[in-house]
Amino acid sequence: MTILQLEGVSKKFGALTVAEQISFAVGEGEALGIIGPNGAGKSTLFNLITGNIATDSGTIRFCGSDVTRASPMARCLSGMGRTFQIPQPFEKLTVFENLLVAGSFGSRRQEHEVSVRCAEILGDTGLIDKANVPAGGLTLLQRKRLELARALATEPKLLLLDEIAGGLTEEECRSLVATIRAIHAKGIAVIWIEHVLHALNSVVERLLVLHFGKVIGIGKPAEIMDSRAVREIYLGIEI
Amino acid sequence: MALPSFQVETQTKASAVFGIAAAAALLIAFAAPLLVSRGVIQDLFFILTMLVLAQNWNLLAGYAGLISVGQQVFVGFGAYAMFGCVILFGVDPLVAVLIAGVLSTLLAIPTAFFTFRLYGPYFAIGTWVVAEVVRLLLAQWKALGGGTGTSLPRDATRDMLGVGLMRDVFDMKASQAGDALTYWLALILAALTVGFIYRLLRSKQGLGLAAVRDNEQAARAVGVDARRMKAFVYLATAFITGIAGALIYVQKARISPDAAFSVTDWTAYVIFIVVIGGIGTVEGPIVGVIVFFLLQNLLAGYGSWYLLVLGLIGIGVMLFAPRGLWGLVSDRTGIQLFPVRRMLKGGSLNQTSKGGPHG
C-alpha cells in the first residue's frame with residue numbers, strides 16, 4: 001500500500017526551478033532517505049509535501065486522497081508529522097506544553113487523554129528532565145529533539161525529518177538513530193533528509209537523490225551510492 | 001517497563017488561596033454602593049471598565065498576537081449603538097447595552113475581513129484606519145447629534161430597569177441608584193471577563209492560542225487552526241469591548257464622536273495599563289489598572305505633564321521590566337494567581353523548575 005504519492009510535482013520561484021516533475025511513492029511503514037547537494041531543493045520538497053508551499057503543477061496523494069490543495073493543518077490532521085530544519089519551538093511554552101499542543105490538536109483529542117503519551121514521548125526522546133522548562137531556553141540539540149518529539153506527538157502515519165542529525169556528536173547521533181529506528185519499527189513511514197549518510201543509511205530502505213530540483217536516482221542505498229551520477233554530483237562535492 | 005505515573009497540575013498553592021480571597025473581595029465589592037460615597041463608586045466604575053478593556057486588549061495582543069490600536073472602534077460603536085437604540089427606538093438602556101455588544105460583534109466581521117489580511121505593524125495601522133472611518137461615518141449621523149454629539153434623555157436613565165426597585169429597597173435617589181446600577185453591571189462584566197479569559201487560557205484552545213502566538217507556522221504544522229482561533233478571539237473581544245463601551249456611556253450619559261472614538265482614552269491608556277502591569281498574564285492588567293488609576297489621581301493637577309510622565313513610565317517599564325510589574329513580582333517570588341502552566345509531575349521527574357508564567 002502506498003501512503004504518499006507525488007506525480008509530476010513542479011515549483012518555480014520566478015526563473016528558478018526548485019522542483020521539476022518530481023514523481024515518487026512511499027509505501028506504508030517504509031523509510032525513504034533524501035540526499036542531494038545544498039540547494040538541491042530538499043527542504044522545498046518537504047514544504048511542498050506538507051503544504052507550506054503550494055505546487056505549481058502535479059498532484060500529491062496522501063493515504064489515498066488528493067491533498068495537493070490541502071492546508072498544512074489539514075495534512076497534519078490526516079497523519080503527516082514534520083520537523084523543521086531550523087527548529088521552531090513554541091518558546092514561551094514549556095517543553096511538555098509544546099507536546100501537549102501537538103498531541104491534543106494533532107490527534108483531535110483532549111489534553112488529559114494525551115498527557116501520559118506526551119510524557120512517554122519526552123522519555124523516549126531524552127527530554128523528560130526538561131519537561132517543565134520553557135522551550136526558549138533549550139540548546140540547539142535539545143530543540144532538534146523537541147522537533148522530533150513534537151512531530152511524534154501528533155501521532156503521524158508519515159514522519160518527515162529535515163536534517164535532524166546535523167551537528168550532533170557521534171554518541172548523540174547513535175542514540176538518535178536508535179530512536180528513529182524504534183519509531184520506524186512501530187510501522188510509521190519515515191522520509192528523512194540528511195547529510196550524515198552513515199546515520200541515514202543505517203535506517204532507510206531506499207534513497208532518493210535530488211539535484212537542481214530533479215530526481216536523478218531512487219533505489220536501494222548501496223546501489224545509489226555506487227551509481228556514477230551520484231558519485232559525481234553528490235559525493236564529489238560533499239566528501 | 002512499568003509506566004511511570006505522570007500527572008499534570010495547573011493549580012498552585014497561591015492560586016487556591018487567591019481564589020478564596022477573590023471571592024470574598026467580590027462580595028465586599030458588591031456591597032460597596034451601600035458603604036461608600038458616590039464619588040468612590042464612580043472611581044471604582046472607571047477602574048472596572050478600564051480593567052475590562054485592558055483584559056480584552058491583553059487577550060488580543062498578549063495571547064492571539066493581534067496588536068490592535070483600533071479597539072476604540074468597538075467602544076465608540078458600542079456606545080453609539082446603545083444611544084441609537086435608546087433615542088431612536090426607546091429601548092431600555094440596559095437592554096441596549098446587550099444589543100450594542102451584538103452589533104459590535106457584527107461590525108467585527110467585516111473589520112476582520114480587511115485587517116486580517118495584514119500582518120504585525122500593518123495590522124495595527126489597519127485597525128486604527130478602520131476606527132477612524134467608523135468615527136467619521138457616525139459623525140455624519142444627524143439624529144445622534146452629528147459631529148457635536150448628544151445626550152441620553154433624562155427619563156431614559158431615570159426609568160432604567162432596576163432603578164425603581166433600588167429606589168424602593170435602598171431608598172436611593174435616581175442618580176445615585178443609576179450610578180450603583182452601572183457600577184454593579186461593571187463589576188459583573190469585569191468578573192465575567194476575567195473568568196472567561198482565564199477559562200479560555202486553561203482550556204485546550206488557550207494552549208493552541210499560546211502556540212499560535214509563539215510560532216504560527218509551527219502551530220499550523222501540528223494541526224492548530226490558527227486563523228479560526230484568532231478570529232474567535234477577535235470577535236469575542238469585540239463583543240465584550242462593545243458592551244463595555246456602551247456601559248461606560250450609559251454612565252456618562254453624553255456622547256460625541258471624538259470622545260467615544262478617542263484613541264488616547266480607549267486604546268493608548270489601555271495599552272499603557274497592560275504593558276506596565278505585564279502583557280500575557282491575567283494578573284498584569286489588574287496590577288496595571290490600579291497603578292494607572294493612582295498615577296492619574298497623583299498627576300491630575302499637572303496638565304499635559306501627566307501624559308508625558310505616563311509615557312516616560314511606559315518606556316521605563318518596557319526597557320527595564322519588559323514583562324511588566326507583575327512579571328517582576330512573579331519572577332522573584334514564583335507566585336501565580338491565575339496559573340495556566342501545565343506542570344508535569346510524577347514519574348522520575350525532578351521537581352525544581354516552576355516554568356514561570358506563559359507570557
Side-chain angles (χ1 to χ4, degrees), chain A residues 47 50-52 71-78 80-84 87-112 114-120 122-123 128-137 147 150-151 153-156 160, chain B residues 1-10 62-63 65 201-229 279-281 323 327 331 334 339-359:
Chain A
N47 284 327
T50 58
N52 291 78
S71 68
M73 183 197 72
R75 295 188 207 197
C76 166
L77 292 176
S78 62
M80 267 190 211
R82 75 165 296 178
T83 69
F84 289 93
Q88 317 255 340
F90 305 125
E91 302 208 352
K92 288 171 185 166
L93 299 183
T94 65
V95 169
F96 176 58
E97 286 171 330
N98 267 263
L99 262 68
L100 269 186
V101 174
S104 57
F105 282 90
S107 67
R108 284 201 181 95
R109 280 190 284 163
Q110 293 306 308
E111 277 179 55
H112 66 90
V114 298
S115 57
V116 171
R117 212 184 101 79
C118 288
E120 285 167 10
L122 285 180
I128 193 76
D129 288 337
K130 298 284 172 191
N132 295 327
V133 175
E147 282 291 315
R150 201 172 59 186
T154 65
E155 300 191 2
L160 297 131
Chain B
M1 192 182 90
L3 284 182
S5 54
F6 288 112
Q7 303 121 35
V8 182
E9 286 177 15
T10 44
Y63 282 94
L201 295 180
R202 283 177 72 114
S203 74
K204 176 182 164 183
Q205 305 305 319
L207 196 60
L209 203 54
V212 170
R213 173 202 59 194
D214 280 6
N215 191 325
E216 191 165 332
Q217 190 189 27
R220 287 177 200 270
V222 297
V224 181
D225 194 340
R227 214 183 159 73
R228 201 171 119 198
M229 210 152 258
I279 192 166
T281 60
R323 307 212 299 110
D331 285 348
V340 289
R341 271 269 180 257
R342 281 77 166 166
M343 304 296 288
L344 186 63
K345 305 271 171 172
S348 56
L349 276 175
N350 78 37
Q351 320 254 310
T352 47
S353 175
K354 289 220 180 274
H358 260 189

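Numbered from 1 within each chain, the chains take letters A, B, ... in sequence-line order.
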Of the backbone (N, CA, C, O) and the side chain (C-beta and beyond), which part of A:L77 lies under 4.5 Å from a heavy atom of chain B, both, or neither? side chain
Looking at every non-hydrogen atom in both residues, tell me the closest pair between A:C76 and B:G223 and how far apart they are. SG-N, 3.4 Å
For the CG atom of B:L344 and the OG1 atom of A:T94, what is their distance to the nearest 0.5 Å? 8.5 Å
In terms of heavy-atom proximity below 4.5 Å to chain B, should A:P156 be classed as side chain, backbone, both, or neither? neither
Segment of A:N52 engaging chain B (4.5 angstrom heavy-atom cut-off): side chain
Under 4.5 Å, counting heavy-atom pairs only, tell me which of A:A135, A:P72, A:A119 racks up the most with chain B. A:A119
Where does B:A219 contact chain A at under 4.5 Å (heavy atoms): side chain, backbone, both or neither? both
Most contact-rich option vs chain A, by heavy-atom pairs under 4.5 angstrom, among B:D225, B:V212, B:V8, is B:D225
Separation of A:T50 OG1 from B:Q217 CD (nearest 0.5 Å): 8.0 Å
Measure the spacing between NZ of A:K92 and CZ of B:R213 and express it to the nearest 0.5 Å. 5.0 Å
Cut-off 4.5 Å, heavy atoms of chain B, and the answer for A:R108 is backbone
In the structure I gave you, are the side-chain heavy atoms of B:V222 and A:F90 within less than 4.5 Å of one another anywhere? yes
What is the minimum heavy-atom distance between A:P134 and B:R341, and which atoms define it? CG-NH2, 4.2 Å
Applying salt bridge (charged side-chain N to carboxylate O under 4.0 Å, His left out), name anything that partners B:R202, two or more places apart in sequence or on another chain. none
For A:S104, give me all partners under side chain to side chain contact (heavy atoms under 4.5 Å, CB included), at least two apart in sequence or on another chain. A:E111, A:V114, B:K204
Could you look at A:R109 and say if it's the side chain, the backbone, both or neither that has a heavy atom under 4.5 Å from chain B? backbone
Taking the side chain as every heavy atom from C-beta outward, state whether A:F105 and B:R220 have any pair of such atoms under 4.5 Å apart. no
Toward chain A, the part of B:E216 with a non-hydrogen atom under 4.5 Å: neither
Quick one: CG on A:L93 to CG on B:D214, what's the gap to the nearest 0.5 Å? 5.0 Å
Which heavy atom of B:R342 sits nearest a heavy atom of A:N132, and at what distance? O-OD1, 4.1 Å
